[in-house]
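Right, one structure below, let's go through it.
Below, chain A is the first sequence line, B the second, and so on; all start at residue 1.
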Amino acid sequence: MNFYQKVLKLTKKIPKGKVATYGQIASMISTPRAARLVGWALHTGANKHHAPWQRVINSQGMISTTCLDHPKELQAFLLKKEGVKVKENQGNYFIDLKKFLWQPKK
DNA sequence: AAGGTGACTAACA
DNA sequence: ATGTTAGCCACCT
């Protein structure tokens with residue numbers, strides 16, 4: 001299975017109302033340094049694989065989408081809709097990782 | 001086949 | 001503490 005398919009598969013496991021970081025996802029796939037690939041994977045096939053791409057954010061808990069096709073405001077909207085509190089700050093959106101970070105039990 | 005790129009991170013200045 | 005720079009790994013040209 002390709003790396004990015006693992007990412008998508010794992011992304012689908014993120015429970016509603018929680019978020020995960022790229023590095024976290026990468027680590028779970030056993031490739032801790034491939035955080036960039038995670039972002040790339042989501043950018044590539046999240047939508048078409050029905051994966052909750054909005055629940056994946058960077059290590060700072062900030063929405064870092066640079067792609068115009070996936071507006072961060074949309075991501076923020078989807079998250080709020082799921083019960084995640086998103087705080088806006090100067091055009092950027094932040095999530096409180098202390099509260100909403102997905103902590104899977106192994 | 002080789003080099004460039006990216007929804008990232010962490011280390012430095 | 002904020003701003004830059006350098007690694008990272010798999011895909012694309």
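Separating the CD atom of A:Q24 from the C1' atom of B:dA10 is a distance of 17 Å, rounded to the nearest angstrom. Atoms CE (A:M62) and C1' (B:dT9) sit 12 Å apart, rounded to a whole Å. Taking atom OH of A:Y22 as the reference point, atom C1' of B:dT9 lies 13 Å away to the nearest angstrom. Taking atom CG of residue A:L42 and atom P of nucleotide B:dT5, one finds them 22 Å apart after rounding to whole Å. The CD1-C1' distance, from A:I63 to B:dC8, rounds to 15 Å in whole Å. Whole-Å rounding puts the A:N58 CG to B:dG6 P distance at 17 Å.
By the 6.0 Å contact criterion, NZ on A:K81 is open, its count of non-hydrogen atoms from other residues, nucleotides or ligands being 12 or less.
Considering only side-chain N and O atoms, A:T44 lies nowhere under 4.0 angstrom from the phosphate OP1 or OP2 of C:dC11. A sub-4.0 Å separation between OP1 or OP2 of B:dC8 and a side-chain N or O of A:S59 is absent.
In this structure, CD1 on A:I57 lies 10.0 Å from CZ on A:F94, to the nearest 0.5 angstrom. The OH atom of A:Y22 lies 14.5 Å from the OG atom of A:S27; values are rounded to the nearest 0.5 Å. Going from atom CG of A:L74 over to atom CD1 of A:I63 covers 9.0 Å, rounded to the nearest 0.5 Å.
The two residues A:I29 and A:K6 come nearest to each other via the heavy atoms CG2-CD, 3.5 Å. Heavy atoms only, all atoms of each residue included: A:K12 and A:P52 are closest at CA-CD, 3.7 Å.
Remark: nothing in residues 71-84 of chain A comes within less than 4.0 Å of DNA chain B through any heavy atom.
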Sort me out a list of protein N/O and nucleotides 4-10 of chain C N/O pairs below 3.5 Å, or just none if empty.
from: C:dG7; atom 1: O6; to: A:R36; atom 2: NH1; distance (Å): 2.7

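Salt bridge absent: A:K18 and A:E82 never bring a charged side-chain N and a carboxylate O closer than 4.0 Å.
Using cut-offs of 30° and 60° for the angle between ring planes, the A:H43 and A:H70 rings count as perpendicular.
When A:L37, A:I25, A:V56 are each tested for a side chain to side chain contact (heavy atoms under 4.5 Å, CB included) with A:L42, only one passes: A:V56.
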